[in-house]
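Following: one structure in C-alpha cells, then a few remarks.
Whatever order the structure lists them in is the order used to number ligands and atoms, beginning at 1. All residue numbers refer to positions in the sequence shown, counting from 1.
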Amino acid sequence: MNDSGTFWLPEAASTVAAEVDGLFYFVYWASAIIFVGVVAAMIYLAYKYRRRDPNDRPEPVEESRLLEISWIVVPTILVLLVFTWGFQTFVTLQTAPPNAYQIQGQAYSYGWNFEYPEGAQTTDELYLPADRPVQVRLSSREGDVLHSFYLPQFRVKQDVLPNRYTSVWFEATEPGTYELFCTEYCGVGHSQMLGEVNVLPADEFDEWVAEAGINEDELSLVELGELQYQRNGCQGCHSLDGSAMAGPTFQGLYASERAFADASSVEADENYLRESIIEPDAKVVEGYGSGIMPSFAHLSERDVTALVEFIKEQQ
Ligand code: CUA
C-alpha cells in the first residue's frame, strides 16, 4: 500500500484499515457537507427574511408534508447506514481468524513485554510476520493499572486490564516499522510508554523467531539479570548511566552508602539489594517516595540473584 497518510490519519498498514478509514471519511464528509449546507441556508434565510420595517409581521407558515417527511427519512437512513457499516467493521475487528498467529502481550508501568509461541521474548518491540493474521492477547501486570494498546497505522486499539485478558487481531500488509502507543493515561511515564512494531516478510520473521528464543538456563547470572532488568521494566525508573529517574540509578549503587529519610544509613550489599527488590518500601532512599515501586517477590530465587549480580556489575 503506497499510502503516506493524511492530516487526520497516518498511513494505513493493515487489512482492516481501509474499512475503518472508509467509515471515518464517510462520517467526516457527510458531517462537513451537512454543516456547510445548514450554515449556508441559515445565512441566506436570515438575510432574505430580515425585518425591513417596524410594522413587518410574518405570514402564517403553511405545512409542507414532503419537507417534514424528508427531514425524518434522510437522517434516519444516514444514521442506520453508519450503524450498519460500523457494526460490520466492529464484528470484523472483534473476530480473529482461527489460524491467527498468537502473541502474548503484557503491559506494565511503563512498557510492553511480548512473548511468542516459539519462546522468544521482547520488550517495547513487537515483531510480526507480514500478510498473516496475528492475534495479541493482552493483560496488565498483576497489581498494575489500566493501559491501552494502540497501533495507529493498523487502526486497532484495545484496553489492557490487570487480572483479565483482552485481545486484538490484525493483519499487517507491508513490512516496515510502525508505532505502538499506550493511549490511556496511566501515570508519570505514560508519554514514554512507546513501542516499535517491526513487520518482517514471512520468511525473515520465521528466521527471527527461531533465533530469538532464549534458553534462560544457559545464561550467566549477569546476562540473566540484564534480561530481567529489561523484562520487568526496571529501566523505566533505574538508569545505568547515573542519571536520576523515578528511582535511583544502578550505576555505582553496589557497596555505596545509602542514606534514608530518618537519618539512618546502610551500605548497599547483596542483602540490601535483595530486600529492595522484594520489599521496596522497607528502606526508601532520601529524596525518593515510598509506594512507587511494586514488589518483585514473584520472581524466582535465581532471577532475584541474577538482578543483584547485574546491579553489582554497574560500577
Ligand atoms: Cu500505559 Cu499510558
Side chain to side chain contact (heavy atoms under 4.5 Å, CB included) assessment of E313 paired with E309:
CA-CA 6 Å; E313 286 294 300; E309 290 304 308; 5.9 Å; no
Quick one, V134 with F154, criterion side chain to side chain contact (heavy atoms under 4.5 Å, CB included). Give me CA distance, side-chain angles, the key distance, then yes/no.
CA-CA 12 Å; V134 169; F154 296 173; over 6 Å; no
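Among the atoms of M193, an N, O or S atom falls under 2.8 Å of atom 1 (Cu) of ligand 1.
Classification of the F87-F83 ring pair by plane angle, with boundaries at 30° and 60°, yields parallel.
Rounding to 10 degrees gives 100° for the angle at atom 1 (Cu) of ligand 1 between SG of C186 and ND1 of H147.
Taking a 6.0 Å sphere around CD of E118, one finds it holds more than 12 heavy atoms contributed by other residues, nucleotides or ligands.
Distances from atom 2 (Cu) of ligand 1 to the N/O/S atoms of H190 are shortest for ND1. Of all N/O/S atoms in E184, O sits nearest atom 2 (Cu) of ligand 1.
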